[in-house]
Amino acid sequence: MSRSRRALLVVTAAVAVVTLIGAAAVRDQGRVDEVGLYTLGIGVQADGSVTTIPPDSDVHYLPGTRVIDPGPDASDADREAAETLADETRTWLDAGTVPGAGGPHEELATDALLDLHTLTLEGGAAVAGFSSKWRYVWPRDASFVAAALTVTGHHEDAVEVFTFLDGVQHPDGSFEARYLPDGSGPPDARGLQTDGTGWVLWALAYVADVLGPGAERDEFLATFTPMIERSTGYLRTQVANPRSLPAPSADYWEHRESALTLGTAAPVLAGLKASARLHTWLDRDADATAVASDADRLEQAVVANFGQTGYGRYAGRSPRDAATAFVLPPFQPEALPGAATAWESSIDEMSRPAGGLAPGGSWPETSISWTPQTSLYAWSAAANGQTDRADGWLSWITEHRTPLGAIPEKVGPDGSPAGVAPLMWSAAVVILTVAELDGNAP
């Protein structure tokens, strides 16, 4: 479906819906025992606008799409408009590939790809979700979306996502935590988030690697050379200090931090290593060597400060979190010393009753599974030869989607999908994981 036909309109009543399933959320000293499902998914209406679908809805999609079936009472005009949008969606899907085709994860990957397509709005704004509090572009999430779009054969859409990021990036190479989908700036004063720059560089290199040598990659690199230069300069400045470590910053936990986390240090390392490869492909060998030297210094500092004590969230001994995956492939070319053992140990620390993982061992919610972290660990498992474990986590995600096939942000202790659905980051990582299992990842 053409995104030019999708407006940012949304039915006000649908946006406002925050319906709790089962009992109300019970909080006790930071513990959350039950959470509600905000939406069953998202849908495209006959006029091309995207809307959220409330949990008590009985709507259906037209087959193979996220276009809402207008129903038997719809006018001929609405029926025709919906069918046209559905045909556009199917044409888009057929223009690429669905990872896992013919296998157990085909349906999961197809639904995730359809949600990715629907949540990538006009102008390349890849919003995290369509509920009001998620309808923003996080550079991290958008980076994973661009990677997933290219690996599934939708590179032109990935270019639009990078173009959006290029347009909102500060001249010094930094990014705000998140942006309004019209590209006008951040929605609040959360401030800069360093990992965004690292993820953008990592994704640029991932996409270039998928494209491989040739004219298409050359054009891609030429288009985004200014963003590569700005981003690289910012990360190099971050590690230009006696400790060779970046300053504290919020990371994927979305918390203000006074101490450096692995969730910031590892993406910066991934970004610098990616930048060295990007400069090599740009035939700028001297720059590649200089950036690689900074990456080596940072890696040594990460190993010394985090690795010696098991890659906890903070330097020194501390509970691990899902950033442990960021010091392994596919985020680093090779696993950092001791990272594989730490990753294995972190699973028990983050395991939750429903079978998924939490953002970290010290995460205050003690019973809620989170699909972003579970899917990240599935991808990490796939990239490091643990295919059975990757299959298991993907199957778990499949079983805990909403009835409309959307991957929720969370899963309650009873296995019920919860939070916003779909969540863009989880959908993108699921696609990348299935592509990894297919052997189509770089």
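Side-chain atoms are counted along with the backbone in the values below, which use heavy atoms only and exclude waters and symmetry mates. For this chain, numbers begin at 1 and follow the sequence in order.
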query: Hey, mind stepping through W425 and E409 against side chain to side chain donor-acceptor pair (under 3.5 Å) and telling me if it holds?
result: CA-CA 9 Å; W425 192 16; E409 179 186 38; over 6 Å; no

query: Yes or no on side chain to side chain donor-acceptor pair (under 3.5 Å) for T371 and S426, after CA distance, side-chain angles and deciding distance?
result: CA-CA 6 Å; T371 64; S426 298; 2.7 Å; yes

message: Between T120 and E160, does the side chain to side chain donor-acceptor pair (under 3.5 Å) criterion hold? Intermediate values first, please.
response: CA-CA 9 Å; T120 305; E160 288 190 23; over 6 Å; no

message: Please determine whether side chain to side chain donor-acceptor pair (under 3.5 Å) holds for the pair E257 and Y314, giving the CA-CA distance in whole Å, both sets of side-chain angles, and the decisive distance to 0.1 Å.
response: CA-CA 10 Å; E257 296 289 348; Y314 301 101; 2.8 Å; yes

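A cation-pi arrangement is present between R313 and W253, with the terminal nitrogen or guanidinium carbon under 6.0 Å from the aromatic centre and inside a 45° cone about the axis.
Classification of the H117-W92 ring pair by plane angle, with boundaries at 30° and 60°, yields parallel.
A salt bridge is absent between R401 and D115: the closest approach of a Lys/Arg side-chain nitrogen to an acidic carboxylate oxygen does not fall below 4.0 angstrom. Salt bridge status for D111 with R66: present, with a side-chain N to carboxylate O gap under 4.0 Å. Classification of D87 and R90 as a salt-bridged pair holds, one side-chain N sitting under 4.0 Å from a carboxylate O.
Separation of atoms OG (S395) and CH2 (W393) is listed at 12.5 Å; rounding is to 0.5 Å.
Residue pairs meeting the salt bridge (Lys or Arg N to Asp or Glu O under 4.0 Å) criterion with at least one partner in residues 186-207, sequence neighbours excluded, are R178-D188, D188-R190, R190-E254. Here ring-ring contact (aromatic ring centres under 6.0 Å, His included) pairs that include residues 41-69, with residues two or more places apart or in two chains, number zero. Residue pairs meeting the salt bridge (Lys or Arg N to Asp or Glu O under 4.0 Å) criterion with at least one partner in residues 205-232, sequence neighbours excluded, are D166-R230, E229-R284. The side-chain hydrogen bond (donor to acceptor under 3.5 Å, both in side chains) analysis of residues 431-442, with sequence neighbours excluded, yields the pairs W379-E436. The salt bridge (Lys or Arg N to Asp or Glu O under 4.0 Å) analysis of residues 384-398, with sequence neighbours excluded, yields the pairs E344-R389. Within the structure, salt bridge (Lys or Arg N to Asp or Glu O under 4.0 Å) contacts touching residues 347-362 (residues at least two apart or in different chains) are R320-E349.
Proximity of a side-chain donor or acceptor of T374 to a complementary backbone N or O of L357 within less than 3.5 Å is detected. Judged by distance alone, the side chain of Q193 and the main-chain N or O of D251 form a donor-acceptor pair under 3.5 Å.
Proximity of the aromatic rings of W138 and Y252 is defined here by a centroid distance below 6.0 angstrom, and this criterion is not met. Proximity of the aromatic rings of W134 and Y38 is defined here by a centroid distance below 6.0 angstrom, and this criterion is met. The aromatic ring centroids of F175 and Y234 lie 6.0 Å or more from each other. The distance between the ring centers of W202 and Y206 falls below 6.0 angstrom.
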